[in-house]
Amino acid sequence: KNMSNSDSSCLFCKIIKGDIPSHKVYEDEGTFAFMDINPLSDGHVLVIPKYHCERLQQLPEDEMKLVGPALVRVGKAIGANDWNLLQNNGAIAHQVVKHVHFHLIPKPNEEEGLSMNWPSQKTDHEKLKSLAETIRGKL
């Protein structure tokens with residue numbers, strides 16, 4: 001198990017190590033996937049990197065390369081035609097467990113699964129151009 005960067009106080013690190021039971025659905029060198037214990041719909045799975053870090057931007061790229069294929073594999077296996085992939089990054093963005101994780105949430109109908117309010121802002125192309133330049137400059 002790739003636990004070279006683990007936090008002994010982290011709930012998800014404890015699940016990966018087997019110290020806390022889970023309903024595991026998938027595990028490979030760098031990832032671990034298990035059923036969410038507070039699901040939004042049947043088949044709601046969490047996919048997590050074994051590497052411990054709180055925020056996505058802290059996850060080394062070589063570790064993220066292991067997560068992507070696991071997301072695809074588990075996404076196919078949940079058997080839903082429609083589903084959401086959600087990653088909450090920080091408390092204000094609704095992250096509760098301070099270990100990067102991805103929710104795969106089946107959306108079988110309007111009532112079950114993830115519900116969203118998407119408060120779009122008015123399009124301002126000058127602002128978008130400026131923001132794009134700023135972001136490109138940081139890459």
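Shown here for N84 and M116, the closest heavy-atom pair between the two residues is ND2-SD, 4.3 Å. The shortest non-hydrogen separation linking V74 to A33 is CG2-CB, 4.1 Å. Across R55 and G90, no two heavy atoms sit closer than the pair NH2-CA, 3.6 Å. In this structure, L66 and G30 approach most closely via the heavy-atom pair CD1-CA, 3.7 Å. In plain terms, the two heavy atoms of E112 and S41 that are nearest each other are CB-CB, 4.1 Å. Across all non-hydrogen atoms, the minimal contact from P106 to W83 is CA-CB, 3.7 Å.
For the pair D28 and R73, the salt-bridge criterion is met [side-chain N within less than 4.0 Å of a carboxylate O]. In this structure, K50 pairs ionically with E27, as a charged nitrogen and a carboxylate oxygen lie closer than 4.0 Å.
With contacts defined as side-chain heavy-atom distances shorter than 4.5 Å, the pair M35/K24 does not qualify. A heavy-atom distance below 4.5 Å is not found between the side chains of F34 and V25. Between I48 and T31 the shortest side-chain heavy-atom distance does not fall below 4.5 Å. The side-chain heavy atoms of I78 and V45, taken from C-beta on, include a pair separated by under 4.5 Å. F102 is listed as a side-chain neighbour of V67, based on a closest heavy-atom distance under 4.5 Å. With contacts defined as side-chain heavy-atom distances shorter than 4.5 Å, the pair P49/L59 qualifies.
Shown here is E133, whose CD atom has more than 12 heavy atoms of other residues, nucleotides or ligands within 6.0 Å. The environment of K98 atom NZ is sparse: at most 12 non-hydrogen atoms of other residues, nucleotides or ligands sit within 6.0 angstrom.
The backbone N or O of E54 lies less than 3.5 Å from a partner atom in the side chain of Q95, making a donor-acceptor pair.
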Inset, instruction - Report the C-alpha distance between D36 and H44 in whole Å, list the side-chain angles of each, state the deciding distance to 0.1 Å, and finish with yes or no for side-chain hydrogen bond (donor to acceptor under 3.5 Å, both in side chains). - result: CA-CA 6 Å; D36 191 306; H44 182 166; 3.2 Å; yes
Legend entry - Derivation and outcome, side-chain contact (heavy atoms from CB on, under 4.5 Å), residues V100 and Q58: CA-CA 9 Å; V100 171; Q58 297 166 335; 5.9 Å; no
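With values rounded to the nearest 0.5 angstrom, H103 atom NE2 is found 12.0 Å from L71 atom CG. Rounded to the nearest 0.5 Å, atoms CG (L104) and CG (L114) are 12.0 Å apart. The CG atom of N89 sits 4.5 Å away from the CD atom of Q87 when rounded to the nearest 0.5 Å. With values rounded to the nearest 0.5 angstrom, S22 atom OG is found 10.0 Å from I37 atom CD1. Here the CD1-NE2 distance, from I15 to H23, works out to 10.0 Å after rounding to the nearest 0.5 Å. In this structure, C13 SG and I20 CD1 are separated by 10.0 Å, a value rounded to the nearest 0.5 Å.
Transitive grouping of hydrophobic side chains (ILVMFWY, heavy atoms separated by less than 4.5 Å) brings I105 and W118 into a common cluster. By the rule that hydrophobic residues join a cluster once side-chain heavy atoms approach within less than 4.5 Å of another member, M64 and L85 end up as members of one cluster.
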Below 3.5 Å, can you tabulate the donor-acceptor pairs from side chains in residues 119-130 to any protein atom, sequence neighbours excluded?
residue, atom, partner, partner atom, Å
D124, OD1, E126, N, 3.2
D124, OD1, K127, N, 3.1

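Residues satisfying the ring-ring contact (aromatic ring centres under 6.0 Å, His included) criterion with H52, sequence neighbours excluded, are H99.
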